[in-house]
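Positions are given from 1 along the sequence. These values consider heavy atoms only, across backbone and side chains, with no hydrogens, waters or symmetry-generated copies. Bear in mind that the values here come from a model prediction, so they are computed numbers and not experimental data.
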Amino acid sequence: MSSFNPLATILSQKPMDGTNYKQWKTNLNIVLQYEKLNFVLTTPIPAQPAEDAPKATKAQFQQEKANMAVHCYILASLANHLQEQVIMVESGAAMLQTLDDMFATSSSSARQIALNAVTKTVMSGGSVRDHCLSMIANFKKAEDHGVRFEQEVKVDLLLQSLPDYFNQFKMNYNMNKLNLDLTQLMHELESAEQSLVKQGSAFFFCESSGKPKGKPKGK
């Protein structure tokens, strides 16, 4: 095992506090894989060998040292109030199981909330750029909780969340069978929004401002 693992900093940057369990567990697995310690999470710790045990048997007990390293990695990357919950648990595998029992259900709830944010968010004001950035953040949060989206599905959901004055843009996008990522789509929508402003579209201004449509007085 190396004396310093540069990847260990990803565990110390944001300790697991209960709200980021899935991401923390992913980072932990990355660190343990780098250190070749991930076997500790699936292999039972052997019993203490006798003094006259064969060298091969004593070599197996090196796993105890590996388990201690995993134990320390987990403890060091937990918030203080969670350290108290698992500090007396001996094996790294048992520590992780305890944390699974505590946060697996809450992770499922967080995933549902994040997915709901993606499917229920609609543009109701402000710029299309701000709306796109909000949707991109929603996609990222949902993916952090295990939701997987195809790129085409992300685009469809974003287009679906736009107000009616982007209908022509959506029609052109589908008819021309464009294949843009979210950042490229955001830039195209910004250009479309600027064109609507320049054209002085009454529908665009009524929709974006929430003011009722009508003919200007005196004209």
Side-chain angles (χ1 to χ4, degrees), residues 6-31 33-34 106-216 219:
L7 290 177
T9 56
I10 66 175
L11 292 174
S12 60
Q13 286 173 351
K14 188 175 182 182
M16 205 280 282
D17 58 8
T19 64
N20 57 336
Y21 180 67
K22 182 175 180 61
Q23 186 61 54
W24 170 84
K25 189 174 180 180
T26 298
N27 290 341
L28 177 67
N29 286 329
I30 292 172
V31 172
Q33 184 174 0
Y34 178 87
S106 61
S107 293
S108 177
S109 299
R111 181 170 61 253
Q112 293 172 16
I113 293 171
L115 182 58
N116 191 61
V118 168
T119 57
K120 301 298 183 183
T121 297
V122 294
M123 182 177 171
S124 58
S127 70
V128 73
R129 176 183 176 84
D130 290 342
H131 175 69
C132 288
L133 291 175
S134 177
M135 287 292 290
I136 291 171
N138 288 340
F139 285 127
K140 177 64 168 60
K141 186 175 294 185
E143 289 173 334
D144 286 343
H145 288 93
V147 182
R148 293 290 174 262
F149 299 99
E150 295 292 338
Q151 183 66 27
E152 294 82 358
V153 173
K154 289 182 180 181
V155 169
D156 288 343
L157 288 170
L158 197 156
L159 291 175
Q160 182 180 313
S161 71
L162 297 174
D164 290 343
Y165 51 82
F166 281 104
N167 281 350
Q168 185 62 50
F169 177 93
K170 289 185 274 188
M171 185 182 301
N172 291 339
Y173 187 95
N174 292 325
M175 288 181 61
N176 291 296
K177 298 180 180 180
L178 300 180
N179 184 23
L180 305 178
D181 63 30
L182 294 182
T183 301
Q184 293 170 329
L185 179 61
M186 178 179 69
H187 294 322
E188 291 297 321
L189 286 168
E190 285 184 286
S191 298
E193 184 179 62
Q194 291 170 5
S195 296
L196 287 170
V197 173
K198 289 178 180 179
Q199 292 169 9
S201 168
F203 185 71
F204 170 74
F205 284 117
C206 290
E207 287 290 323
S208 60
S209 65
K211 295 179 181 179
K213 292 181 288 183
K215 294 182 180 179
K219 294 186 181 179

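- Between the D181 side chain and the T183 main chain, a donor and an acceptor come within less than 3.5 Å of each other.
- How far CG of L196 is from CD of Q194: 10.0 Å, rounded to the nearest 0.5 Å.
- Atom-to-atom distance recorded for F169:CZ and L185:CG is 5.0 Å, nearest 0.5 angstrom.
- In terms of the side chain to side chain contact (heavy atoms under 4.5 Å, CB included) criterion, residue partners of N20 (sequence neighbours excluded) are, by chain and number, K14, M16, D17.
- Counting only heavy atoms from C-beta outward, the side chains of L115 and F149 approach each other to under 4.5 Å.
- How far CD1 of I10 is from CH2 of W24: 11.5 Å, rounded to the nearest 0.5 Å.
- In plain terms, the two heavy atoms of N138 and V118 that are nearest each other are O-CG2, 3.5 Å.
- Side chain to side chain, Q112 and N116 fail the donor-acceptor criterion of an N or O pair below 3.5 Å.
- By the 4.5 Å heavy-atom criterion applied to side chains, L189 and L158 are counted as neighbours.
- In this structure, the side chain of N29 engages the main chain of K25 through a donor-acceptor pair within 3.5 Å.
- Looking only at atom types and distance, the side chain of Q184 has no donor-acceptor partner in the side chain of H187 under 3.5 Å away.
- For E150, the side chain to side chain contact (heavy atoms under 4.5 Å, CB included) partners are E152, V153, not counting sequence neighbours.
- Considering every non-hydrogen atom in both L180 and E188, the closest pair reads CD1-CG, 3.7 Å.
- Smallest separation of non-hydrogen atoms from H131 and S161: NE2-OG, 2.7 Å.
- The closest donor-acceptor contact from the side chain of S134 to the backbone of D130 lies at 3.5 Å or more, if one exists at all.
- Side-chain atoms of M171 and N167, non-hydrogen and from C-beta on, never get closer than 4.5 Å to each other.
- Side chains of L182 and M186 form no contact here, defined as non-hydrogen atoms less than 4.5 Å apart.
- A distance of 10.5 Å separates NZ of K170 from OH of Y165, quoted to the nearest 0.5 Å.
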